Amino acid sequence: MIETERLILRPLNHRQLEKYIKLDNSLEEELKVKPAKREISPDLMEALEYFIMPNVANPLKNHLFFTLWTMVWKDKNCLVGDLCFIGEPNELGEVEIGYGTYENFRNMGFMSEAVSGIINWFKPYLNAVLASTEKDNPASANVLLKNNFVTYSSDETLVYWRMDIAR
């Protein structure tokens, strides 16, 4: 668990991920938070089924680098979004991050705060954090800009970002 000024970031275990997928508020019940209006995009559902859940269930993997970290807004005791690493750091100490804020909680600075919090907590294990954003998603790019990421490449649809960890 990671705590920031307004948020608690909680890594979900395999059983909790199963509840997350159900969208029936059973996860919120277990976490003792208010019911949330959540949706799971087709891309996230595919990642959950084929990457996240199998790796979280694998005892040889560090589940903290594979699971969803759910974000609880302390003041309202409700879920506001999720973020995750996309696997363990590579041989260069680089890891990719992904994130999403639930619709009712966008443009409130939660994701910028969560990204900062999780990176600070994992800094001893990392040399760099990578991310990609869709070109037509300035809000996602702003999260990275606020956390001192810089662009290093792009293609037709995506911008690629990097933040080197100062030692």
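Predicted model, so just to flag it, every value in this text is computed and none were measured.
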List, one per line, each side-chain donor-acceptor pair under 3.5 Å for residues 47-58, sequence neighbours excluded.
from	atom 1	to	atom 2	distance (Å)
N55	ND2	F51	O	2.7
N58	OD1	L60	N	2.8

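- Nearest heavy-atom pair across F105 and C78 is CZ-SG, 3.8 Å.
- When the shell of 6.0 Å around NZ of K74 is examined, it contains more than 12 heavy atoms from other residues, nucleotides or ligands.
- In terms of the side chain to side chain donor-acceptor pair (under 3.5 Å) criterion, residue partners of S26 (sequence neighbours excluded) are, by chain and number, D24.
- Hydrophobic clustering keeps V143 apart from L130 (ILVMFWY residues linked when any side-chain heavy atoms are closer than 4.5 Å, directly or through intermediates).
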Check your understanding: Would V129 and F122 satisfy side chain to side chain contact (heavy atoms under 4.5 Å, CB included), going step by step from the backbone distance to the final call?
Key -> CA-CA 10 Å; V129 181; F122 278 93; over 6 Å; no
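- Criterion: ILVMFWY side-chain heavy atoms under 4.5 Å apart, direct or through other members. Under it, L83 and Y160 are not part of a common hydrophobic cluster.
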Review point. What's the verdict on side chain to side chain contact (heavy atoms under 4.5 Å, CB included) for I21 and M45, showing C-alpha distance, side-chain angles and the deciding distance?
Key: CA-CA 8 Å; I21 289 172; M45 184 59 82; 3.7 Å; yes
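- Considering all non-hydrogen atoms of both residues, V95 and G87 come closest at CG2-O, 3.1 Å.
- Applying the salt bridge (charged side-chain N to carboxylate O under 4.0 Å, His left out) test to residues at least two apart or on different chains, the pairs with a partner in residues 101-115 are R6-E113.
- Judged as a ring pair (Phe, Tyr, Trp, His ring centres under 6.0 Å), not a single pair has a partner in residues 133-153 (not counting sequence neighbours).
- Remark: side-chain polar atoms of W69 are paired, donor with acceptor, to backbone N or O of L64 under 3.5 angstrom.
- Hydrophobic clustering (ILVMFWY, side-chain heavy atoms < 4.5 Å, transitive): M163 and L158 are in distinct clusters.
- In this structure, the separation between OG1 on T157 and CG on D136 is 9.0 Å, given to the nearest 0.5 Å.
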Exercise for review: Please test D82 against Y102 for side chain to side chain contact (heavy atoms under 4.5 Å, CB included), starting from the C-alpha separation and ending with a verdict.
Suggested key: CA-CA 8 Å; D82 312 293; Y102 304 152; 2.8 Å; yes
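- Shown here are the side chain to side chain donor-acceptor pair (under 3.5 Å) partners of W161, two or more places apart in sequence or in another chain: T133.
- For residues 144-156, no residue pair satisfies the salt bridge (charged side-chain N to carboxylate O under 4.0 Å, His left out) rule, not counting sequence neighbours.
- The distance from the OG1 atom of T4 to the CG atom of L9 is 5.5 Å, given to the nearest 0.5 Å.
- In this structure, the side chain of N77 does not engage the main chain of W73 through any donor-acceptor pair within 3.5 Å.
- Expressed to the nearest 0.5 Å, how far CE of M71 lies from CG of L79 amounts to 9.5 Å.
- We find the CD1-CD1 distance between I165 and I119 to be 6.0 Å, quoted to the nearest 0.5 Å.
- With sequence neighbours left out, the salt bridge (charged side-chain N to carboxylate O under 4.0 Å, His left out) criterion links E94 to R162.
- Between the CD1 atom in I118 and the CG atom in L7 there is a gap of 11.5 Å [rounded to 0.5 Å].
- The two residues G100 and M111 come nearest to each other via the heavy atoms O-CE, 3.2 Å.
- Listed by first and then second residue, the side-chain hydrogen bond (donor to acceptor under 3.5 Å, both in side chains) pairs involving residues 33-45 are E28-R38 (not counting sequence neighbours).
- Separation of atoms CG (L12) and CG (L17) is listed at 5.0 Å; rounding is to 0.5 Å.
- Ring planes of F65 and Y125: perpendicular class, angle over 60° (limits at 30 and 60°).
- Linking Ile, Leu, Val, Met, Phe, Trp and Tyr whenever their side-chain heavy atoms come within less than 4.5 Å puts W121 and M1 in one cluster.
- For E88, the salt bridge (charged side-chain N to carboxylate O under 4.0 Å, His left out) test picks out no residue, with sequence neighbours left out.
- Residues passing the side chain to side chain donor-acceptor pair (under 3.5 Å) test with S140, sequence neighbours excluded: Y99.
- Under the rule for a side chain to side chain donor-acceptor pair (under 3.5 Å), T67 has no partner lying at least two apart in sequence or in another chain.
- Applying the side-chain contact (heavy atoms from CB on, under 4.5 Å) rule to E30 yields the partners R15, Q16, K19; only residues at least two apart in sequence or on another chain are considered.
- The shortest non-hydrogen separation linking S112 to N147 is O-ND2, 3.2 Å.
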